[in-house]
**Q** 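Dropping the structure in here first, questions after.
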Amino acid sequence: MKTQPTDIEIAIDWLVRLQRPTVSPADWLAFDTWLSASEHHAQAYDAALTLDLQLACYEPGITQAAPLPSRPMDMSVGKKTWRWPVMGAAVASLLIGASLIWQTQVHIAPEAAYATAIGAHKTVILSDGSHIDLNTASRLTVDFDRTRRQVRMKDAEAYFDVAKDPRRPFIIEAGHSQIQVVGTAFDVKNRDGQLVVYVERGIVDVQPLPSMGSKHYRLRPGQALAYDQRTGLINVSLAENGEASSWRTGRLIYRDQPLSVVVADLNRQFDRPIRLGDAQTGKVRLSGVLIVDTQTAMVKRLSALLPLKSSDKGDGIVLTTR
Amino acid sequence: MKSQSLMQTYAEKRDNLVRTFAARLRSMSEAEDLIQDLFFKIERLENQEVGENPSALLFQMANHLMLDRLRSQKRAAARDAVWLQGNITSSQGQILADEPSAEAALAARQQLAALIQRVDELPPKVAQAFRLHKLEGRSQAETAEVMSISQSTVEKHISAALKRLIQARN
């Protein structure tokens, strides 16, 4: 005698049926009816779907044969980026509405890419209510599912104000480093082989190297961790409140930083490149606050603060020591 | 019925549509993207009369959008191939950027590799159908052709394989 099929078995039959070359509206209606009939059905189906999606990306070489080949993501002001911010808000509000009215259990947020051009800032509001302020010339991707909230950033700086959700940790991958939080506000800078994490509120776990296993640095408000990917040096210190995220109010704050770092920051603000006349110039150190306004004004102030002279070449500005 | 109700239906059915098209596209992010497009489409349908089965209509609209995409994707695939060959070193990061979504997390990957080993324990025909369709990305029809069996048999094999694998995992 055959036993009753379990939810998971029925779910798998549905999944396979949905992967037929053609699926009719009647199939969809029947599937939707089954899926909506019980929370257990939805859970069973999600488990089957998760397995299938895992299989779909089992090996990079194999996924190419999948129906939708992967393609390079256009991070520039291309067709993919323009509509996300608009859509994010629209869909987020729709989802909130949906959860209030229909008690929808699943909030599957889309994977989205956000980027800023040189000199631009952008605030992104995510579907969970978290905010990301993106500094100039930054790019990151956001990928939420029911178990976690994942952000990947390469060359970027961003301030995160993360909504609390103990069931879904908020994980940031910056190069090889991983930063994990539950709900907090902090700044992450991942530039030129340097990772700096500054915590404003809450607790942030940072794992600079994957080889650390499950070990991590636990940062509390006011603490900053700096990790140099080239030397491997990790330094945890107390930072001035708000200093790391001063860029959000249009200021750059430096404490004994080499000019090479300052110039790299300026080149993320303006299209016209600033170059260092020689290696020696790059080693001049700066402590102070630079207000971000026009490039000409900033170079002028910099030349007043430090023994520098600037010369205007056709394709950029060159700084040398006086 | 006004499009108000189409929008309401969308809100109600959105997650289930994503689930459906995630299975069809075998990608959560592609499915999300598709169902977002559907949102814009019905937004433009404001004040238009819709039939008495908005749920079926939504599914059909999503299906059309998917087919449109697959067609343009095929054309784009040739361009992508050239692009990938030309830029593979300088643009590694960009290629990685479109990695399949969260489900491909690192730990899951290892677990999955172990799971796939267990395909060997399946009956030979079931294992073959599973490998061709799920791991080598052939369609059900192609799998049927390669194995000289009917499509419905392929479907049964795939179902059986998935059931065994999901059991093995739990």
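Reminder, nothing fancy here: chain letters follow the sequence lines and each chain counts from 1.
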**Q** Quick check: do B:Lys163 and A:Ile8 have side-chain heavy atoms less than 4.5 Å from each other?
**A** no

**Q** Name the region of A:Thr147, side chain, backbone, both or neither, that has any atom closer than 4.5 Å to a heavy atom of chain B.
**A** neither

**Q** Taking atom CZ of B:Arg131 as the centre, report whether more than 12 heavy atoms of other residues, nucleotides or ligands fall under 6.0 Å from it.
**A** yes

**Q** Does any heavy atom of chain B fall under 4.5 Å from the side chain of A:Thr6, the backbone, both, or neither of them?
**A**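 Neither the backbone nor the side chain of A:Thr6 comes within 4.5 Å of chain B.
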
**Q** Would you confirm whether A:Tyr45, through its side chain, and B:Asn16, through its main-chain N or O, come within 3.5 Å as a donor-acceptor pair?
**A**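 Not a single qualifying donor-acceptor pair exists.
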
**Q** For B:Leu17, is it the side chain, the backbone, both or neither that has a heavy atom under 4.5 Å from a heavy atom of chain A?
**A**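 When you check distances to chain A, atoms from both the backbone and side chain of B:Leu17 fall under 4.5 Å.
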
**Q** Which atoms form the tightest heavy-atom contact between A:Leu53 and B:Ser27, and what is the distance?
**A**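 Minimum heavy-atom contact is CD2-N, 3.5 Å.
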
**Q** At a 4.5 Å cut-off on heavy atoms, which part of B:Ser55 comes close to chain A: side chain, backbone, both, or neither?
**A**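 Both parts, heavy atoms under 4.5 Å.
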
**Q** Drop me the distance from B:Gln60's CD to A:Trp28's CH2, to the nearest 0.5 angstrom.
**A** 12.0 Å

**Q** Can you check whether B:Thr20 reaches A:Leu35 side chain to side chain, under 4.5 Å on heavy atoms?
**A**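 In short, these two side chains do not touch, never coming nearer than 4.5 Å.
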
**Q** Between B:Arg26 and A:Gln19 (side chain of the first, backbone of the second, donor and acceptor by atom type, cut-off under 3.5 Å), is there such a pair?
**A** no

**Q** Is it the backbone or the side chain of B:Ala22 that comes under 4.5 Å from a heavy atom of chain A, or both, or neither?
**A** both

**Q** Please list, in residue-number order, every residue in residues 147-162 of chain B that has a heavy atom less than 4.5 Å from any heavy atom of chain A; write 'none' if there are none.
**A**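 Hits under 4.5 Å: B:Gln151, B:Glu155, B:Ile158, B:Ser159, B:Leu162.
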
**Q** For A:Ile12, is it the side chain, the backbone, both or neither that has a heavy atom under 4.5 Å from a heavy atom of chain B?
**A**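 For A:Ile12, heavy atoms of backbone and side chain both lie under 4.5 Å from chain B.
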
**Q** So which residues of residues 120-130 of chain B are in contact with chain A at a heavy-atom cut-off of under 4.5 Å?
**A**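 B:Phe130, listed by number.
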
**Q** Between B:Arg24 (side chain only) and A:Leu18 (backbone N and O only), is there a donor and an acceptor less than 3.5 Å apart?
**A**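 Checking the backbone N and O of A:Leu18 against the side chain of B:Arg24, a donor-acceptor pair under 3.5 Å is found.
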
**Q** Please determine, among A:Ala48, A:Ser36, A:Pro25, the option with the most heavy-atom pairs under 4.5 Å with chain B.
**A** A:Pro25

**Q** Indicate yes or no: at least one non-hydrogen side-chain atom of A:Leu55 is less than 4.5 angstrom from one of B:Leu115.
**A**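 No - every pair of side-chain heavy atoms lies 4.5 Å or more apart.
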
